[in-house]
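Below is one structure, written out as structure tokens; the observations come after it.
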Amino acid sequence: MSSKPIQITAMLTCFNRKMLTLACLQAFFDQELPEGVRLDVVLVDDGSSDGTGDAIRAAFSKAQVLEGDGSLFWCGGMCKAWEQAESANPDYLLMLNDDTTLHPGAIRELLQLAPAADCPVIAVGAISDPDSGELSYGGRLRSHPKGPAPLKETPVKCDTFNGNCVLIPRVVRERLGSLYSGYTHSFADFDYGIQATRCGIDVLQSSKVVGICRPNSNENTWQDAKLGRLQRLKKLNSPKGLPWRDHLAFARRTQKGNWLRHFVAPYARILLGR
């Protein structure tokens, strides 16, 4: 009798990046998989006007496409995708950003870190910038706050993660549940990793780069010191910045005794012109 297949369901949310999203899904479905591993996708198209949803339905019959109205942003879209994905009780959920293109052996690499659905480990893929070759996303360390954890010959134990490529076994989601739904766009991935490590769940970054993604630019964002202070404050409190309610929730949920200092830090940076 053959063993039960291992089911991995990827969760994505997208908005008006049709070609990037299609490339992401193509690389996902083209994975060189261990025997017995099967892949599914749940994707939330948050009101795209460029035909992303229809293009995905036409190209990938196995992808479930859910519709949003443009107000979900990343966290809302991922929570919606998560709810649908876990209804089938897969062995693993995979957080995957639609601007991330996986290398052919990415899933195999992550499964080496979390080899069973009852393994209490979150496996994080190291992602590089296709132009510079430097790491752009992956596991994160408190001791290395300005970027992903350095790549090592062995997996690196991290404090949290970027949500670009993150494999979550069933036992982890049963213990932690879904992403915190109180966020709009940012914070949810960092929060989830921090809650995991507090519960004794290891967050391990792969020892190999498993995909590519260009890092987001700070230009014309709240972090752009070339802009005026009022412009920066407005961008800080936009949905894709650090809205104060979201940022306050993140600070209080993750920073314990120094949450107030963490909360005011970006405002201080702007006022000081940094």
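Relative orientation of the H247 and F187 rings is parallel, given thresholds of 30° and 60° on the angle between their planes. Between H185 and F73, the ring planes lie perpendicular to each other; the angle is over 60°, past the 30° to 60° tilted range.
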ask   = Going through the checks in order, is the side-chain contact (heavy atoms from CB on, under 4.5 Å) test met by V209 and I127?
value = CA-CA 6 Å; V209 172; I127 306 297; 5.9 Å; no
query = Would L110 and L94 satisfy side-chain contact (heavy atoms from CB on, under 4.5 Å), going step by step from the backbone distance to the final call?
reply = CA-CA 10 Å; L110 296 180; L94 179 73; 4.0 Å; yes
task = Given side chain to side chain donor-acceptor pair (under 3.5 Å), test N164 with T100 step by step and report yes or no.
result = CA-CA 7 Å; N164 290 64; T100 300; 3.2 Å; yes
task = Output, in order, the C-alpha distance, side-chain angles, deciding distance and verdict of side-chain contact (heavy atoms from CB on, under 4.5 Å) for D40 and I8.
result = CA-CA 6 Å; D40 282 325; I8 299 175; over 6 Å; no
request  = Apply side-chain contact (heavy atoms from CB on, under 4.5 Å) to the pair S49 and N16, showing each step before the final yes or no.
outcome  = CA-CA 6 Å; S49 59; N16 280 349; 3.3 Å; yes
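We find the SG-CG distance between C213 and L20 to be 8.5 Å, quoted to the nearest 0.5 Å. Between the OG atom of S206 and the CZ atom of R108 there is a distance of 15.0 Å, given to the nearest 0.5 Å. To the nearest 0.5 Å, the span separating CG on L96 from OG1 on T101 amounts to 9.0 Å. Atom CD of Q26 is separated from atom CE of M19 by 10.5 Å, given to the nearest 0.5 angstrom. Atom CZ of residue R173 and atom CZ of residue R170 lie 6.0 Å apart, to the nearest 0.5 angstrom. Taking SG of C158 as the start and CG of L141 as the end, the distance is 4.5 Å to the nearest 0.5 Å.
Environment of CD in E67: crowded, with over 12 heavy atoms of neighbouring residues, nucleotides or ligands closer than 6.0 Å. By the neighbour-count criterion of 12 heavy atoms within 6.0 Å, atom CZ of R261 is sparsely surrounded, having that number or fewer from other residues, nucleotides or ligands. Other residues, nucleotides and ligands place no more than 12 heavy atoms under 6.0 Å from the CG atom of L230. Within 6.0 Å of NZ on K256 lie no more than 12 heavy atoms contributed by other residues, nucleotides or ligands. Residue-environment remark: CZ (R38) stays at or below the threshold of 12 foreign heavy atoms within 6.0 Å. Around CD of E83, the count of heavy atoms belonging to other residues, nucleotides or ligands within 6.0 Å does not exceed 12.
In this structure, D129 contributes its side chain and E134 its backbone to no donor-acceptor pair below 3.5 Å. Side-chain N or O atoms of T221 include one that pairs as donor or acceptor with a backbone N or O of Q223 at under 3.5 Å. A donor-acceptor pair under 3.5 Å is formed between the side chain of Q31 and the backbone N or O of H103. Judged by distance alone, with hydrogens and angles left aside, the side-chain atoms of D159 form a donor-acceptor pair with the main-chain N or O of R142 at under 3.5 Å. Of the possible donor and acceptor atoms, none in the side chain of N237 sits under 3.5 Å from a partner among the backbone N and O of P243. Side chain of D91 to main chain of Q7: a donor-acceptor pair is present (N/O by atom type, distance under 3.5 Å, no hydrogens or angles). Under a 3.5 Å cut-off, the side chain of N218 and the backbone N or O of D224 do not form any donor-acceptor pair. D202 places no side-chain N or O within 3.5 Å of a backbone atom of L204 that could act as its donor or acceptor partner. Put simply, the side chain of Y183 never gets that close to the backbone of D189: no donor and acceptor are under 3.5 Å apart. The main-chain N or O of G139 is found under 3.5 Å from a side-chain atom of Q205 such that the two form a donor-acceptor pair.
Judged as a salt bridge (charged side-chain N to carboxylate O under 4.0 Å, His left out), the pairs with a partner in residues 8-23 (not counting sequence neighbours) are, in order, R17-D98, R17-D99. Note on residues 228-249: no pairs pass salt bridge (charged side-chain N to carboxylate O under 4.0 Å, His left out), not counting sequence neighbours.
Both F250 and V264 are part of a single hydrophobic cluster, where members link through side-chain heavy atoms under 4.5 Å apart. Note on V156: it does not cluster hydrophobically with V121, by side-chain heavy-atom contacts below 4.5 Å among ILVMFWY residues. One hydrophobic cluster holds both V37 and F29 under the rule that ILVMFWY side chains link at heavy-atom gaps under 4.5 Å. Linking Ile, Leu, Val, Met, Phe, Trp and Tyr whenever their side-chain heavy atoms come within less than 4.5 Å leaves I212 and L25 in two separate clusters. Under the 4.5 Å side-chain heavy-atom criterion for ILVMFWY residues, a single connected hydrophobic cluster contains both L39 and L102.
Between P169 and C119, the shortest heavy-atom contact is CG-O, 3.3 Å. The two residues S186 and G241 have their closest heavy-atom pair at OG-O, 3.6 Å. Heavy atoms only, all atoms of each residue included: P239 and T184 are closest at CB-CG2, 4.1 Å. Listed here is the closest heavy atom pair of D131 and R214: OD2-NE, 2.8 Å. Nearest heavy atom pair, residue N216 against residue Y137, reads N-OH, 2.9 Å. In this structure, G77 and T13 approach most closely via the heavy-atom pair CA-OG1, 3.5 Å.
Put simply, the side chain of L111 reaches to within 4.5 Å of the side chain of P34, judged on heavy atoms. No side-chain heavy atom of L43 sits under 4.5 Å from any side-chain heavy atom of F60. Taking 4.5 Å as the limit, every side-chain heavy atom of F15 sits out of range of all side-chain heavy atoms of D45. Taking the side chain as every heavy atom from C-beta outward, C24 and N97 never approach each other to under 4.5 Å. The closest side-chain heavy-atom distance from P120 to R175 is below 4.5 Å. Put simply, the side chain of P150 reaches to within 4.5 Å of the side chain of H144, judged on heavy atoms. Side chains of V44 and L12 form no contact here, defined as non-hydrogen atoms less than 4.5 Å apart. Looking only at side-chain heavy atoms (C-beta outward), L135 and L151 come within less than 4.5 Å of each other.
Both tests pass for R253 against the ring of Y180: distance under 6.0 Å to the centre and angle within 45° of the axis.
Other members of the cluster containing I201 are M11, W74, M78, W82, L93, M95, I122, V124, F161, V166, I168, V171, V172, L176, L179, Y192, V203, with ILVMFWY side chains joined at under 4.5 Å, either directly or via other members.
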